[in-house]
Amino acid sequence: MRTHRCGDLRPEHIGTTVSLCGWVARRREHGEHLAFVDLRDHSGITQCVVNDDVDVRSEYVVRITGVVRARPEGTVNPGLPTGEVEVGECVVEVLRRADPPPFPIDARADAVDENIRLQYRYLDLRRERMQRNLRVRAAVNSAVRAAMERQAFVEVETPMLVPSTPEGAREFLVPSRKEPGSFYALPQSPQLFKQLLMVAGVDRYYQMARCLRDEDLRADRQYEFMQLDMEMSFVGQDDVLHAVSEAVLAAAEAATGERPPPIERMTWRESMERFGVDKPDLRFGLELVELTEVFASTGFKAFAGADSIKAINVPGRAAEFGRNQLDKLTDRAKQIGAKGLVWLKVTGEAGEAGEAGDVGFDSPVAKFISDDEAAAIRERTGAVPGDLVLIVADDWHTTCEVLGTLRNDLGRPPVHEGPYRYVWIVEFPLFVGVDAATGRPKPGHHPFTSPHPDDVDRIESDPMTVRSIAYDLVLNGWELGSGSIRIHEPELQRRVFTALGISEQDAARKFGFFLNPFEYGAPPHGGFAFGLDRLVAILAGEENIREVIAFPKTQSGADPMTNAPVPGDPKQLAELGLRVLPPSS
RNA sequence: GGUCCCGUGGUGAAGUCUGGAGUUCACGCCGGCCUGUCAAGCCGGAGGUCGCGGGUUCAAGUCCCGUCGGGACCGCCA
């Protein structure tokens with residue numbers, strides 16, 4: 001039907017007769033004998049000149065045949081890739097009339113209520129931005145596959161109907177028709193299967209895996225999402241990191257045209273100390289400053305005896321923060337778990353080089369801070385008049401977390417601004433926090449994660465200090481994915497289970513179908529999984545993964561286009577042996 | 001489960017704090033004019049359950065209560 005696409009035509013095509021198919025983006029009529037029709041398809045827009053009366057409206061589907069010619073002097077449109085040429089002597093065939101769309105099919109729809117965009121997603125996707133996002137996604141998928149194939153990974157598909165597993169995210173359940181009252185679960189990840197593929201001798205497995213988790217949705221979380229899932233045998237951490245890096249860097253190059261530099265590494269401990277989070281955004285400063293020693297013998301009650309005292313210095317922004325905003329910062333700090341937040345506005349005149357000058361703090365607690373302490377704060381944070389210093393004193397983890405959150409709130413640029421800063425976070429703790437019910441440590445990654453060999457001795461004596469061979473990949477403050485080297489020896493697995501408070505009977509009951517196969521010869525192995533939606537969103541310059549998913553759900557898990565979810569049909573329910581309870585009051 | 005923001009012709013906004021006739025702006029839509037425009041221009045027109053329900057009031061888009069929908073976040077996401 002067509003000889004070219006709407007974004008193809010250039011001066012080199014002048015003189016050729018072409019046929020274009022697409023949607024009418026705009027129509028500019030100048031009386032009966034001259035009209036401009038901008039024709040759009042996924043590749044772009046071309047201006048077509050019609051010298052007859054023509055009845056086309058916005059979004060009509062048409063085929064236009066004409067001759068490519070240079071635009072007359074002074075009418076070139078530099079804003080359009082095809083702007084040096086136009087198609088003249090046009091014959092227009094209307095293939096399908098169209099109702100006026102509910103919103104303009106161009107960048108103006110960026111401002112339209114997202115619910116309406118989702119209700120008419122097929123129109124939203126017709127727009128340049130969304131077409132670009134779909135194609136960035138396709139390019140990333142393709143590059144990732146190619147990188148995995150190059151490295152001798154074998155694509156294996158794992159089932160979507162799996163047994164429910166006790167740990168981890170809430171699962172979607174699928175009722176069994178043949179066994180009423182029994183259910184499949186949809187996989188929150190192919191974790192168990194991929195490790196069994198290692199037992200099976202597959203050696204290197206990968207899959208573009210759809211994962212489903214029935215947890216509340218966020219800007220970076222949907223019920224269903226895609227992971228590059230992979231697992232390797234007879235490897236250590238460096239091998240896994242290298243293989244994943246190849247895929248991620250190839251994907252980045254495919255999306256942006258530029259291959260990023262090798263991905264740097266940082267320990268979890270350093271990330272927490274410097275950035276207060278385990279997914280640091282390295283694009284900006286505002287790093288945490290250590291002050292615990294400064295207040296070792298302080299008279300200030302809020303700081304005395306605190307496990308950890310840290311600060312961030314927000315340069316030059318003291319004046320922005322009135323009492324109201326400072327109260328909001330304090331509320332935010334409390335929301336994260338802090339007992340309070342100390343703020344100091346640095347006042348006065350900085351001294352000449354080497355001189356202290358006449359510098360003070362404007363703060364409700366200024367009178368509790370000694371001159372020596374004040375000088376140490378200024379020296380360590382580098383604070384000068386006009387700066388806002390925020391201090392938290394609490395246990396180490398809370399102090400880091402609160403300031404890390406404030407750091408992000410106060411300094412984090414939009415995700416598409418500035419450079420891409422990839423970083424591996426390594427040496428995560430094996431255990432994180434304590435289970436309120438059992439009083440036992442909780443696994444940081446999952447219960448099959450290998451402890452760091454240097455720390456194995458402390459599993460029993462000092463479990464909370466044991467590091468693991470688990471690692472995360474982080475890009476511009478977003479967690480892209482995580483992985484670990486797995487335990488393949490039963491003795492070590494037993495010790496970790498014991499630390500977790502899982503008895504042998506529990507282990508057999510909960511994980512038996514998974515662990516028994518290891519008895520037939522599990523190779524040392526490890527793997528990784530990273531979220532493709534998140535990677536694509538950042539590479540496409542989007543703040544929200546819904547923008548890179550063709551048909552996403554809203555925050556409440558609904559699809560305004562299909563109206564899913566819908567009430568169960570009584571016949572279907574009966575066949576499945578299900579009865580719906582009335583909503584609890 | 002919780003906190004905060006939003007809901008006004010097809011679309012986006014103003015109006016809400018401080019109650020007084022569905023008022024306004026831009027885009028779109030319909031009709032007319034127009035031979036070089038390009039998010040064309042000019043003239044005219046149509047289009048509304050102010051998300052929904054209740055309350056206060058002589059009077060509610062505006063105040064109060066509830067509810068539904070959307071978004072950001074906390075919890076949750078081994």
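Chain identifiers are assigned alphabetically (A, B, ...) following the order of the sequence lines, protein sequences preceding nucleic acid strands; residue numbering begins at 1 within each chain.
The shortest side-chain heavy-atom distance between Val18(A) and His4(A) falls under the 4.5 Å cut-off.
If you check every strand for non-hydrogen atoms under 4.0 Å, Thr165(A) touches nothing. Among the protein residues, Glu73(A) comes within range of no part of the nucleic acid, since none of its heavy atoms lies under 4.0 Å from any strand. If you check every strand for non-hydrogen atoms under 4.0 Å, Asp99(A) touches nothing.
Of the residues in residues 22-37 of chain A, those with a non-hydrogen atom less than 4.0 angstrom from any atom of RNA chain B are Arg26(A), Arg28(A), Glu29(A), His30(A), Gly31(A), His33(A), Leu34(A), Phe36(A). RNA chain B lies under 4.0 Å from at least one heavy atom of each of the following residues of residues 105-130 of chain A: Asp106(A), Arg108(A), Ala111(A), Val112(A), Asp113(A), Glu114(A), Asn115(A), Ile116(A). Within residues 187-198 of chain A, the residues having any heavy atom closer than 4.0 Å to RNA chain B are, in order of number, Gln191(A).
A donor and an acceptor atom never sit less than 3.5 Å apart when one is taken from the side chain of Arg57(A) and the other from the base of C30(B). Taking 3.5 Å as the limit, the base of C77(B) and the side chain of Arg213(A) contain no donor-acceptor pair of atoms between them. Residue-to-nucleotide contacts include no donor-acceptor pair under 3.5 Å from the side chain of Arg332(A) to the base of C73(B).
Note on Arg129(A) versus Asp110(A): salt bridge recorded, some NZ/NE/NH1/NH2 to OD/OE distance being below 4.0 Å.
Between U37(B) and Gln47(A), no contact under 4.0 Å exists linking OP1 or OP2 to a side-chain N or O.
Considering only residues two or more places apart in sequence or on other chains, Asn115(A) meets the side chain to side chain donor-acceptor pair (under 3.5 Å) condition with none of them. Residues passing the side chain to side chain donor-acceptor pair (under 3.5 Å) test with Glu215(A), sequence neighbours excluded: none.
A donor-acceptor pair shorter than 3.5 Å cannot be found between the side chains of Arg126(A) and His42(A). If you check the side chains of Asp533(A) and Gln222(A), you find no donor sitting under 3.5 Å from an acceptor.
As a whole-Å value, the separation of Asp220(A) CG from C77(B) C1' is 10 Å.
Among C73(B), G36(B), C77(B), the nucleotide with an atom closest to any side-chain atom of Glu215(A) is C77(B).
Nucleotides G51(B) and G2(B), compared at atom P, are 24 Å apart to the nearest Å.
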Return the polar atom pairs (N/O with N/O) between nucleotides 1-5 of chain B and the protein under 3.5 Å, or none.
unit_1 : atom_1 : unit_2    : atom_2 : d
G1(B)  : O6     : Asp216(A) : OD2    : 3.4

